[in-house]
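Single-structure report; data block below.
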Amino acid sequence: MDIDYAIRKDEPPAITKTSTSAEIALYEQWERSNRLSMMFIKTRISAGIRGSVDQHEKVKDLLKAIDEQFVTSDKTLANTLIMKLSSLRLTSIRGVCEHIMQMRDIAAQLKKLKVDMSEFFLVHYILNTLPHQYGTFKISYNTHKDKCSINEFLTMCIQEEGRLVMKQGESVMLATHRKGKQHAKLKGKGKR
């Protein structure tokens with residue numbers, strides 16, 4: 001049907017008395033495509049956007065006006081994403097994978113909005129959002145000479161999370177075991 005013809009091609013010269021049948025057919029094809037594209041776009045965009053975009057006769061002009069309308073929206077979205085990224089912190093030793101994936105997702109969204117950050121910066125930024133239990137890991141990472149990719153960093157963090165969870169489990173078992181021994185000693189003293 002070639003509905004997008006007016007979007008892909010520039011408007012041909014207007015029809016005059018001296019226009020050939022090929023020129024007339026080409027203009028009519030462009031004009032039909034332009035009219036159908038305009039109707040389609042106007043029926044598909046929300047009323048809020050439709051009302052804020054000037055009235056246009058040509059589909060290319062309408063698309064340009066819509067695009068300009070969203071430039072400010074992109075800036076607002078970028079600001080919101082930056083604020084979200086800067087406020088994210090991991091508060092417990094669990095969930096490091098989800099935390100890093102969420103931050104990677106925000107960074108990817110920012111990249112689409114032309115707010116780029118290097119992978120090296122993102123790795124260091126994430127490192128600084130980890131809780132104090134990851135202190136030994138942070139020191140170890142910072143003294144490591146090689147830079148690592150975000151995927152390598154994610155793997156390292158998951159391994160550290162596993163180590164911390166096991167260590168936390170051992171601490172709980174040790175505290176429970178000691179408490180049990182003290183309780184048994186107290187019981188033994190009471191029987192005498």
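Side-chain atoms are counted along with the backbone in the values below, which use heavy atoms only and exclude waters and symmetry mates. Predicted model, so just to flag it, every value in this text is computed and none were measured.
Here Arg35 pairs with Glu31 in a salt bridge; the nearest charged N to carboxylate O distance falls below 4.0 Å.
In this structure, the side chain to side chain contact (heavy atoms under 4.5 Å, CB included) partners of Arg94, at least two apart in sequence or on a different chain, are Ser92, Glu161, Val165. In this structure Lys60 satisfies the salt bridge (charged side-chain N to carboxylate O under 4.0 Å, His left out) test together with Asp10, sequence neighbours excluded.
Side-chain atoms of Glu152 come within 3.5 Å of backbone atoms of Ser149 as a donor-acceptor pair (strictly under, hydrogens ignored). Between the side chain of Glu119 and the backbone N or O of Ile150, at least one donor-acceptor pair lies under 3.5 Å. Within the 3.5 Å criterion, the main-chain N or O of Ala6 finds no donor-acceptor partner in the side chain of Asn34. Distance alone, capped at 3.5 Å, is enough to place a donor-acceptor pair between the Asn142 side chain and the Lys138 backbone. At distances below 3.5 Å, at least one donor-acceptor pair connects side-chain atoms of Ser86 with backbone N or O atoms of Met83. Between the side chain of Ser140 and the backbone N or O of Thr136 there is no donor-acceptor pair closer than 3.5 Å. Counting only distance, with no hydrogens or angles, the side chain of Asp61 and the backbone of Glu57 share no donor-acceptor pair below 3.5 Å.
Summarising the geometry, atom CG belonging to Asn79 is positioned 14.5 Å from atom NZ belonging to Lys84; distances are rounded to the nearest 0.5 Å. Rounding to the nearest 0.5 Å gives a distance of 10.0 Å between CG of Leu154 and SG of Cys148. Distance check: Gln133 CD to Gln168 CD gives 7.5 Å after rounding to the nearest 0.5 Å. Of the inter-residue distances, the one linking Cys97 atom SG with Ile158 atom CD1 reads 4.0 Å to the nearest 0.5 angstrom. In this structure, the separation between CD on Glu160 and NZ on Lys167 is 8.5 Å, given to the nearest 0.5 Å. Taken from NE2 in His56 to NZ in Lys64, the straight-line distance is 9.5 Å, to the nearest 0.5 Å.
Under the 4.5 Å side-chain contact rule for hydrophobic residues, Leu88 and Leu77 share a cluster. Both Tyr134 and Met156 belong to a common hydrophobic cluster when Ile, Leu, Val, Met, Phe, Trp and Tyr are linked at side-chain heavy-atom distances under 4.5 angstrom. The hydrophobic clustering, which links ILVMFWY residues whose side-chain heavy atoms are closer than 4.5 Å, places Trp30 and Ile7 apart. Put simply, Tyr5 and Leu62 are part of two different groups of oily side chains (I, L, V, M, F, W, Y) that touch within less than 4.5 Å, one to the next. Residues Phe40 and Ile3 fall into different hydrophobic clusters, defined by Ile, Leu, Val, Met, Phe, Trp and Tyr side chains chained together at heavy-atom separations under 4.5 Å.
The number of heavy-atom neighbours closer than 6.0 Å to NZ of Lys111, taken from other residues, nucleotides and ligands shown, is 12 or below. Few gaps surround NZ on Lys42; more than 12 heavy atoms of other groups in view lie less than 6.0 Å from it.
A tilted orientation is assigned to the rings of Phe153 and Phe137, their planes being inclined by 30° to 60°.
Minimum interatomic distance between Asn128 and His124 (heavy atoms only, all atoms of both residues): ND2-O, 3.0 Å. Considering all non-hydrogen atoms of both residues, Leu122 and Met117 come closest at CD1-SD, 3.9 Å. Scanning all heavy atoms of the two residues, the minimum distance from Ser37 to Val59 falls at CB-CG2, 3.6 Å.
Using a 4.5 Å cut-off on side-chain heavy atoms (C-beta onward), Ile41 and Ile66 make contact. Looking at heavy atoms from C-beta onward, Ile100 lies out of side-chain contact with Leu90 at the 4.5 angstrom threshold. Contact check for Pro131 versus Thr91: no side-chain heavy atoms found under the 4.5 Å cut-off.
The stretch residues 97-108 participates, sequence neighbours left out, in these side chain to side chain donor-acceptor pair (under 3.5 Å) pairs: His99-Thr129, Arg104-Asn151, Asp105-Gln109.
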